[in-house]
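Report on the following structure.
Sequence lines set the chain letters: A, B, ... in the order given, protein chains first and strands last, and positions in each chain run from 1.
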2 protein chains.
Amino acid sequence: MSDNDQNDIAEFGQPCPIRDVLNQIGDQWSLLILEALAERTLRFNELNREIGDISRQMLSRTLKRLETDGYVSRTVYAEVPPRVEYTLTPLGRSFLEPMQKLIQWADENHADICRSRRRQHEQQQEQARG
Amino acid sequence: MSDNDQNDIAEFGQPCPIRDVLNQIGDQWSLLILEALAERTLRFNELNREIGDISRQMLSRTLKRLETDGYVSRTVYAEVPPRVEYTLTPLGRSFLEPMQKLIQWADENHADICRSRRRQHEQQQEQARG
DNA sequence: CTGAATCCGCCTTGATACTG
DNA sequence: CAGTATCAAGGCGGATTCAG
């Protein structure tokens, strides 16, 4: 598999930390999952219902990656029917602290961003007509 | 004209603020550009050199989107040869404040994440052999 | 110098169906 | 219940070329 050391960068992360982190959690679903798990431990299908519009496919993949990176821990109970619980690790929990600041910023400034988009869009329209 | 003419939701933003923001700046280059501009105002080719491994194509695209969203302002000087300067808007500057916290977190925890990846990877290797 | 336009490969994502 | 396998589609990013 990793017969050479060149693959290590690809497998174990870029040298730039923030780029690596953003690549991992900047996708469609990771943050939503982490926030859902911030409330409480959840099972697979509970997460599925909680998020609503995620497919089991993507939920499974994203959870696996979050687990690989150490944000989430996965516990399997030897029961019938099977039960698997997902919960935040300390790392995942600590990640949400700075992220909350960013979420707050997004909430406060999203309207401005949309306004800017609208304005730029209208200017382009005018230029197109002019 | 543009790469694609999308519908209003794509142009003016998703209803969820943080998802919208992350989709915009969570790409390969946006954050690097914002950080470069946090130091000082830069011209197009200065940015190109500063970042190093970005193509002019992507630099142009990303700058345009950052301008559209209001993070960056673009000033054209009527000179020969042409000169275009990019600088952060107040919005862009305010965005970097919470983002700095996240960058700091990434710097501090990146090693842990890589360690976790390595460990998970080795466990999978063992399971494959077992 | 500062981009825009075009073409193209890859990766992510989604839909669907199947397994234990 | 908790996933995995497979296939198809679209977006992202890169290389190259053209333009003002």
Which of these nucleotides, C:dG3, C:dC1, C:dT13, is closest to any side-chain atom of A:D27?
C:dT13

Hey, what's the ring geometry for A:Y86 with A:F44, parallel, tilted or perpendicular (30° and 60° as the breaks)?
tilted

Would you work out how much the helix from C:dC1-D:dG20 to C:dG20-D:dC1 bends between its ends, with each end axis defined by five base pairs, to 10 degrees?
40°

Does A:Y86 have a side-chain nitrogen or oxygen under 4.0 Å from the phosphate oxygens OP1 or OP2 of D:dC1?
no

Any heavy-atom pair between the side chains of B:L96 and B:L88 that's under 4.5 Å?
yes

Do the side chains of B:N48 and B:R56 get nearer than 4.5 Å, heavy atoms only?
yes

What's the separation between atom CD1 in A:I33 and atom CD1 in A:I51, rounded to the nearest 0.5 Å?
4.5 Å

Contact check, residues 62-79 of chain A vs DNA chain D, heavy-atom distance under 4.0 Å, returns A:K64, A:R74

If every non-hydrogen atom of B:A106 is compared with every non-hydrogen atom of A:P17, which pair is closest and at what distance?
O-CB, 3.6 Å

salt_bridge(A:R117, B:D20) N-O dist < 4.0 Å:
yes

Interatomic distance, A:L32 CG vs C:dT13 P [rounded to whole Å]:
12 Å

Can you tell me the distance, in whole Å, between the CG atom of A:N23 and the C1' atom of C:dC10?
15 Å

Answer yes if A:V72 and A:Y77 sit in the same cluster of Ile, Leu, Val, Met, Phe, Trp and Tyr residues linked by side chain heavy atoms under 4.5 Å apart, and no otherwise.
no

I need the A:R65 CZ to A:Q24 CD distance, nearest 0.5 Å.
4.5 Å

Spell out protein contact along nucleotides 14-20 of chain D as letters: B when the base is contacted, S when just the sugar-phosphate is, - when no protein heavy atom is under 4.0 Å; keep the 5' to 3' order.
BB-B--B

Could you tell me the separation between the CD1 atom of A:I51 and the P atom of C:dT13, rounded to a whole number of Å?
13 Å

Whole angstrom is fine here: how far is it from CG in B:N48 over to P in C:dG3?
11 Å

With distance as the sole criterion, is a donor-acceptor pair present between the side chains of A:Q104 and A:E108 under 3.5 Å?
yes

Measure CZ/A:R49 against C1'/D:dG3 and give the value in whole Å, please.
15 Å

Side chains of B:Q123 and B:R119: is there a donor and an acceptor less than 3.5 Å apart?
no

In whole angstroms, the gap separating P of D:dG3 from CG of A:L59 amounts to 8 Å

Using whole Å, report how far CD of B:E85 lies from P of C:dG3.
12 Å

Separation of atom CZ in B:R83 from atom P in C:dG3, rounded to whole Å:
13 Å

So, taking the atom named CG in B:L31 and the one named CZ in B:F95, what distance separates them when rounded to the nearest 0.5 Å?
6.0 Å

